[in-house]
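Encoded as structure tokens, the structure appears first; notes follow it.
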There are 2 protein chains.
Amino acid sequence: MTLFAGPSSVNIAAVREVHCNQFRRVRPVGVATINDVAAKAGVSTATASRALNGKSTVDPALAARVLSAAAELGYQPNGPARNLRRQETAVLALIISDVENPFFTSIARGVEDVAQAVGYSVVLCNSDENPEKERRYIDVAIQERVAGVVLSPTGTAPNVDLLTARRTPLVAVDRPLPAAADMVLVDTRSAAKQATTHLISQGYDRIGCITGPAGIQTADDRLAGYKDALRASKRRTSARFARRAEFRADGAFEAAIDLLSQPDRPDALLVANSAMAVGVLEALSKLDLRLGADVGVVAFDDAPWASLVDPPLSVVSQPAYDIGKVAAQLLMARIADSSLPYTTTTLNATLITRGSSTR
Amino acid sequence: MTLFAGPSSVNIAAVREVHCNQFRRVRPVGVATINDVAAKAGVSTATASRALNGKSTVDPALAARVLSAAAELGYQPNGPARNLRRQETAVLALIISDVENPFFTSIARGVEDVAQAVGYSVVLCNSDENPEKERRYIDVAIQERVAGVVLSPTGTAPNVDLLTARRTPLVAVDRPLPAAADMVLVDTRSAAKQATTHLISQGYDRIGCITGPAGIQTADDRLAGYKDALRASKRRTSARFARRAEFRADGAFEAAIDLLSQPDRPDALLVANSAMAVGVLEALSKLDLRLGADVGVVAFDDAPWASLVDPPLSVVSQPAYDIGKVAAQLLMARIADSSLPYTTTTLNATLITRGSSTR
DNA sequence: GTGAAAGCGCTAACAA
DNA sequence: TTGTTAGCGCTTTCAC
């Protein structure tokens, strides 16, 4: 494993200091098993197990002995053994498409809070918008026999079928799934329509849209809502004013430059998430266009910095934390009772108008 | 489990649609074990196991039969069983103090990329700057017998001792540990000094500092570096100009309002992270103070939006991704060889000067 | 109320 | 090269 001889591959200045330390323990402290606990307490492993799991059928005096023996030995149950025997795990997998996107980390917090409250752990996996990575994590989830999965689907049907074929409880968030699963979505299409209508009402005339890759439902929905609004106000929708890019700043930057360099450039933009908004604002600055006055902007996701730019950014705020919360609740319900009918929950996004959508 | 009857506790408009779906499978598809695979392939479980694990000692023809049997049955190894038997897990736990802080999610990516490359999975846990939660997750990590732990320590020594007592490979990131563990840190003190010196050189005279809670090493270091710089330039350091708050926007907002409302207010501020910077900029705006001209600001962490504010925000950029990468490499090295001496790696932060630190 | 014993699914001796 | 078998640590019948 010379690969790990050291982090020499990091090419930034680093100081490595080796400290022959005085803390080194002498022995690996042979990890205590339930048998050790039982022996020390002078009971059978069965009784030890019952006491440790708080079963009421065990004599209080014995239970106390077991508990103190366990404490003295620093006993920690062996998870794999317990899970193997019980054929179940108190672990949820949360597979999201981008750990660095605040929208998804908020979802994570929602999931975690609910899970924690009932003694479940959450393991967070980052599929990175990459179907293969998603598939690997789904495999891991299956192999570890997690109790359930919350997924923001990146890949195509086959990945998800792995889960449904095994009847692993599954909740899809953010993006719908053509499968047997609960879903928690946002009515992003009508929010996009509302945001676009707002721009129109503010006097913007040639409104453009920068959205995510084709095939990602949320990206498509935002574009559709945008078109809905244009149509409703009897405007032509023109492909000239719509652009797609990865859900990232750099792609949105290119798209915005491209869009705004046209002779008959848009005078307003609907932007599909906050990372993209960063790229768009950079583009405006590069082209010396004033936010609001020259180009109105509404972006999805209420980033903490949105009100810091000048003028403050109008946004479509999505209830990310609640998405996670609801998803976890649905998942727990299904784990408890797999016969529940599948549901789709649609939460509302909220338009928050600030200065960037006014001339 | 009526708690989970539904997500009715979410008090925002939600549409719940129940779809009696056409996808429902008929049977739970009794999960295939290695015995089923062996039977189907007409070999013993031992041979099946060997084939599945790619051992070279098995007849190619048999191996092929096993593999196709496994594929047909949709066989997925039972992780708990395997881990129990092998007494090891290819899983790393990463316990960070705030999932919503980009600094830590960047670390997560670094850890993940290294782990993935060698077939390890990473489970991400959010201790939320809460020693009790940290302790719970450390317990989980121990119980699941993870191969190693990367930790940004929140709690005090006892938590970590749980790990070291069991000799669980451990790498601390961001904050030092008085224990037997590798550490990956940032020379945040000298970076803070450098940033403060920069402010002085730009003609700011009464420089303040808003840092994190006492006892968190990174918070203390930033304050210390700030004082170093003042002392080096023969200025008095005054407690009047230093404030502490949680590493969050709201706390920093209060602190900044407090600081800047003084008659002899600071004319520049060193801010300890990007979330706090949001609070500080909000305070400036509320008090009608101009960034740069009235109050120079340098903040830790190069957030994507830093160059969008006007004037652009000067920052101390920390090599978060590399911290994660190095930490994971060290952890893998130690997993492979527990006798390695403990090391402390210190990476450099970089001052990026932009408009906010110029008059 | 307690203990003896079986067995979850897998891997690794040990035999053949 | 392959099969037989023991056993990882735990929970849970089933007797007592």
Side-chain angles (χ1 to χ4, degrees), chain A residues 28-67 69-70 73-91 139-140 142-147 166, chain B residues 28-67 69-70 73-91 139-140 142-147 166:
Chain A
V29 194
V31 180
T33 74
I34 199 172
N35 291 301
D36 302 326
V37 174
K40 178 147 198 163
V43 299
S44 70
T45 58
T47 301
S49 171
R50 287 189 276 251
L52 259 5
N53 288 295
K55 301 262 193 264
S56 55
T57 66
V58 53
D59 184 288
L62 283 192
R65 262 183 21 224
V66 171
L67 260 22
L73 293 166
Y75 170 74
Q76 288 277 28
N78 182 312
R82 161 182 284 174
N83 298 336
L84 173 58
R85 174 64 228 228
R86 286 200 180 150
Q87 298 285 59
E88 65 180 35
T89 326
V91 174
D139 280 345
V140 171
I142 292 173
Q143 288 173 19
E144 295 303 324
R145 306 295 197 258
V146 298
R166 294 188 159 252
Chain B
V29 193
V31 179
T33 74
I34 199 172
N35 290 303
D36 302 326
V37 175
K40 179 146 195 163
V43 300
S44 71
T45 57
T47 300
S49 172
R50 288 188 277 254
L52 259 6
N53 288 295
K55 301 262 192 264
S56 55
T57 66
V58 52
D59 185 287
L62 283 193
R65 269 198 353 241
V66 171
L67 261 22
L73 292 165
Y75 170 75
Q76 288 278 28
N78 181 313
R82 160 182 284 174
N83 297 337
L84 174 59
R85 174 64 227 221
R86 284 199 180 152
Q87 298 286 59
E88 65 178 38
T89 326
V91 174
D139 280 345
V140 171
I142 291 174
Q143 288 173 20
E144 295 303 324
R145 304 296 196 259
V146 298
R166 294 188 159 254

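Quick note on labels: first sequence line is chain A, next is B, and so on, each numbered from 1.
- A rotation axis mapping the C1' atoms of four pairs onto the next four is fitted at both ends of the helix from dG1(C)-dC16(D) to dA16(C)-dT1(D) over five pairs, and the angle between these axes is 40° to 10 degrees.
- Rounded to whole Å, atom C1' of dG3(D) lies 12 Å from atom CG of Leu62(B).
- A search for side-chain contact (heavy atoms from CB on, under 4.5 Å) contacts involving Arg85(B) returns nothing, not counting sequence neighbours.
- Rounding to whole angstrom units, CZ of residue Arg65(B) and P of dT2(D) are separated by 9 Å.
- In this structure, CD of Glu144(B) is placed 20 Å from P of dC8(D), rounded to the nearest angstrom.
- At whole-Å resolution of the value, CG in Leu52(A) and C1' in dC10(D) are 11 Å apart.
- Of the candidates Gln143(B), Glu144(B), Arg145(B), Arg166(B), Gln143(B) is the only one forming a side-chain hydrogen bond (donor to acceptor under 3.5 Å, both in side chains) with Gln76(A).
- Across all non-hydrogen atoms, the minimal contact from Ala63(B) to Ala51(B) is CA-CB, 4.0 Å.
- At a threshold of 4.0 angstrom between heavy atoms, the contacts of Asn83(B) with the nucleic acid are absent.
- Residue contacts shown for Pro77(A) are limited to sugar-phosphate atoms, with no base heavy atom under 4.0 Å away.
- Residue Tyr75(B) comes nearest to Thr33(B) through the heavy atom pair CE1-C, 3.5 Å, listed as atom of the first residue, atom of the second, then distance.
- Of all non-hydrogen atoms in Val146(A) and Val91(A), the two that sit nearest each other are CB-O, 3.4 Å.
- Dashed line: the shortest gap from a side-chain N or O of Ser49(A) to OP1 or OP2 of dC10(D) is not under 4.0 Å.
- Between the C1' atom of dG9(D) and the CZ atom of Arg85(B) lies a distance of 12 Å, rounded to the nearest Å.
- In the 5' to 3' direction, nucleotides of DNA chain C lying under 4.0 Å from heavy atoms of chain B begin and end at dG9(C) to dA13(C).
- Distance check, rounded to the nearest 0.5 Å: CD1 of Ile34(B) to CG of Leu73(B) gives 11.5 Å.
- For Arg82(B), the side chain to side chain donor-acceptor pair (under 3.5 Å) partners two or more places apart in sequence, or in a different chain, are Asn53(B).
- Taking atom CG of Asn78(B) as the reference point, atom C1' of dC10(D) lies 14 Å away to the nearest angstrom.
- The phosphate of dG9(D) (OP1 or OP2) has no side-chain N or O of Arg82(A) nearer than 4.0 angstrom.
- Closest heavy-atom contact between Val66(B) and Val37(B): O-CG1, 3.7 Å.
- Between the NZ atom of Lys55(A) and the P atom of dT11(D) there is a distance of 8 Å, rounded to whole Å.
- Within the model, atoms CG of Asn78(A) and CG of Asn83(B) stand 9.0 Å from one another, a figure rounded to the nearest 0.5 Å.
- Among the protein residues, Thr33(B) comes within range of the sugar-phosphate backbone only, with heavy atoms under 4.0 Å from sugar or phosphate atoms but none that close to a base.
- Closest of all the heavy-atom pairs between Leu84(A) and Ala81(B) is CD1-CB, 3.6 Å.
- Contacts between residues 35-45 of chain B and DNA chain C, counted as heavy-atom distances below 4.0 Å, involve no residue at all.
- The side-chain contact (heavy atoms from CB on, under 4.5 Å) check on Asp59(B) picks up Ala61(B), Leu62(B), with sequence neighbours excluded.
- Comparing Gln76(B) and Arg50(B) by the nucleotide of DNA chain C that holds the closest heavy atom to each, the one mapping nearer the 5' end is Gln76(B).
- Heavy-atom minimum distance, Ala147(A) versus Thr89(A): CB-O, 3.1 Å.
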